[in-house]
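A quick note: this is a predicted structure, and the numbers were derived from the prediction, not measured. Whatever order the structure lists them in is the order used to number ligands and atoms, beginning at 1.
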Amino acid sequence: MESWAGHEVPGLPGSGQPLALFDSARRAVHPATPAGAATMYVCGITPYDATHLGHAATMITFDLVQRVWRDNGHPVLYVQNVTDIDDPLLERAQRDGEDWVVLAMRETALFREDMEALRIMPPAHYVGAVESIPDIAEKVQVLLKDGAAYRVEDGTGDVYFDVAAAPRFGHESNLSREQMLAFSAERGGDPERAGKRDPLDPLLWRGARADEPSWPGGDLGPGRPGWHIECAAIALNLLGPTIDVQGGGNDLLFPHHECSAAHAERLTGVTPFARHYVHAGMIGLDGEKMSKSKGNLVFVSRLRADKVDSMAVRLGLLAGHYRSDRSWTDAVLATATARLGRWRAAAAAPAGPSAVELLARVRGRLADDLDTPGVLELVDGWADATLAGSGTDAEAPALMARTVDALLGIRL
Ligand code: 5CA
Ligand code: ZN
C-alpha cells in the first residue's frame with residue numbers, strides 16, 4: 001500500500017544520546033539502543049472513520065522514537081499496518097450503506113493527508129491486511145500443523161490459537177487472568193464463544209460467512225484473518241523474528257500485543273518478539289474518553305478545515321507525556337498556539353543565547369523516555385530569554401529552529 005510523503009529533516013551538529021523507553025513487559029524504562037539499524041512496528045488505523053487526536057498522538061509518539069534513533073545515527077526500518085478488513089469496518093459500511101472497500105480507501109487517504117500535515121515521517125512499508133492475506137493464511141496453516149491452533153468443530157471454519165501453546169502468555173501485559181478476560185471481552189475478543197479450549201484463545205482465521213467478504217485460505221478454506229495474526233505476520237515478514245519496538249496505544253496492551261507476540265514467538269521459536277513494547281496513553285476530550293458512542297471525537301481533518309495550524313496541534317499533543325492518558329481541551333490548543341507564536345518570534349530574532357547547550361539538553365530529555373514536557377520547558381526558557389533581548393549569538397535562532405524541526409517535528 002502507498003505510504004505518505006515525507007519531508008526533509010535538518011541535520012544537527014554533534015550527536016544524540018542513547019534512547020531509553022518504558023517497556024510494558026519489563027514495567028521499567030530500559031535502553032532502546034539497537035546495535036545498528038533499528039526496527040519498529042506500529043499498529044496503525046482501522047480505517048472506518050477519520051483520524052482523531054488519539055491516533056495522532058500515538059503516531060507522533062513513534063515519530064519521535066524514529067527521530068531520536070536517526071539523530072543517534074541509526075538507520076530506521078519502520079513498518080505500520082492498516083487493518084483494512086475487520087468487523088468495525090464492515091459494521092460501519094453496513095450502517096451507512098456504503099461499500100466497505102471505498103470506505104477504507106477514503107479514510108486511509110485522509111489519514112495520509114493528516115500524517116503529512118502533522119509532519120509525521122512515513123514508514124518504509126505501509127501495509128494493508130488485505131494485501132497480506134496470502135502470507136497470513138500461510139502462517140495460520142503453519143500454526144495448525146504445528147498443533148498450536150485448532151478448528152472449532154461447529155462447521156464455521158473458524159480457527160483459534162491455543163494459548164496453552166504459548167508458555168510465555170501474559171509476559172507482555174502482566175495482567176491477572178481476570179483482567180485478561182475482561183479486556184478480551186472489551187477489546188474485540190470473544191471469551192464467551194462456545195467450542196474454544198480456553199476463553200482467551202484468539203481468532204486466527206474466520207471462516208467465510210455468506211454476508212461477509214472472504215478470501216481463499218488454502219487448506220484453511222475461504223475466510224478472513226484474525227486481528228492479532230495480521231500484525232504478527234506483517235512484522236515477521238518485513239522485519240524478521242525480533243524487532244526493537246512494537247508500538248501502539250495502551251488499548252493494545254492486551255489482548256492485541258500479547259497475542260501478536262504469542263503468535264510470532266510460536267512461529268519463529270525466537271523470544272522476545274519485541275525488545276520493547278511501547279504504549280502511548282489515551283487522549284480524551286475535556287476529561288472524557290474520546291469514543292464514537294459519546295460522539296466527542298476531535299478529528300485532525302476537522303481542525304485542518306478550521307484552519308488550525310497543524311504545528312499547534314502537534315505541540316498541544318507533545319505538551320503531555322506520551323504515556324499519560326490525557327485530555328484535549330480548548331485550553332491545550334490555546335496554550336500550544338501561543339507557545340508556537342513565541343517560538344516563531346524567537347526563531348526570527350536576530351540573536352539569542354547560544355542554542356548549543358539547548359540542543360544537548362533537549363537531546364537528554366528526549367532520550368529519557370521521550371520527556372516532551374521537559375523539552376517544551378527548555379525551549380520556552382530559551383525563547384523567553386531571546387525575546388527579552390538576552391544573548392548575542394546570531395546563529396542561535398536558526399539552530400533552535402533546526403532542533404525543534406529535527407527532533408520534535410515542529411516546523412517554525
Ligand atoms: N488497527 C488497529 C491496530 S492493528 C487499531 O487499533 N486501529 S485504531 O484505528 O483503533 O487505532 C489506531 C492506533 O491509534 C492504535 O495504535 C491505537 O492504539 C491508537 N489509538 C486509538 N485510540 C486512541 C486514543 N484515544 N488515544 C491514543 N491512541 C489511540
Ligand atoms: Zn496491530
Proximal ligand 1 atoms for L252, defined as those under 4.0 Å from one of its heavy atoms: 6 (O), 15 (C), 16 (O), 18 (O)

Nearest candidate to atom 2 (C) of ligand 1, where distance is taken over non-hydrogen atoms, out of C43, G44, G248, A56: G44

Stepwise salt bridge (Lys or Arg N to Asp or Glu O under 4.0 Å) check, E98 with R92: CA-CA 8 Å; E98 191 175 13; R92 176 62 64 93; over 6 Å; no

Atoms in ligand 1 flagged as close to G249, the criterion being non-hydrogen separation under 4.0 Å: 16 (O), 17 (C), 18 (O)

Close side-chain approach of S260 to Q246, heavy-atom, < 4.5 Å: yes

N81: numbered ligand 1 atoms lying under 4.0 Å from its heavy atoms: 4 (S)

Ligand-side contact atoms (ligand 1) for residue partner M282, heavy atom cut-off under 4.0 Å: 23 (C), 24 (C), 25 (N), 26 (N), 27 (C), 28 (N), 29 (C)

Heteroatom distance test (I283, ligand 1): nitrogen or oxygen, under 3.5 angstrom: yes

Of the protein N/O/S atoms, how many lie under 2.8 Å from the Zn ion (ligand 2): 3

R342 bridged to D380 by N-O distance under 4.0 Å: yes

Under 3.5 Å: donor-acceptor pair, side chain of T403, backbone of L359: no

Listed once per pair and sorted, the ring-ring contact (aromatic ring centres under 6.0 Å, His included) pairs that draw on residues 110-129, sequence neighbours left out: W4-F111, W4-Y126

Near-ring test H228/H257, centroid separation under 6.0 angstrom: no

T46-ligand 1 polar pair, N/O distance under 3.5 Å: yes

L412 vs V404 side-chain heavy atoms within contact, under 4.5 Å: yes

Close approach, H52 and ligand 1, non-hydrogen under 4.0 angstrom: yes

Under-4.0 Å salt bridge between R187 and D251: no

Cationic N near anionic O, under 4.0 Å, R361 to E357: yes

R323 to F22, cation-pi by 6.0 Å centre distance and 45° axis angle: yes

Axial cation check for F299 ring with R302, 6.0 Å and 45° limits: no

Proximal atoms of ligand 1 relative to T58 (non-hydrogen, under 4.0 Å): 16 (O), 19 (C), 27 (C), 28 (N), 29 (C)

Contact atoms of ligand 1, heavy-atom distance to G281 under 4.0 Å: 26 (N), 27 (C)

For H256, atoms of ligand 1 separated by under 4.0 Å from a heavy atom: 4 (S)

Side-chain (R339) to main-chain (G316) donor-acceptor, under 3.5 angstrom: no

Nitrogen or oxygen atoms of T83 and ligand 1 under 3.5 Å apart: yes

Geometric cation-pi criterion R197 and Y150, 6.0 Å radius, 45° cone: yes

Sub-4.0 Å heavy-atom contact, E230 with ligand 1: no

Atoms of ligand 1, numbered as shown, that sit under 4.0 Å from any heavy atom of C231: 4 (S)

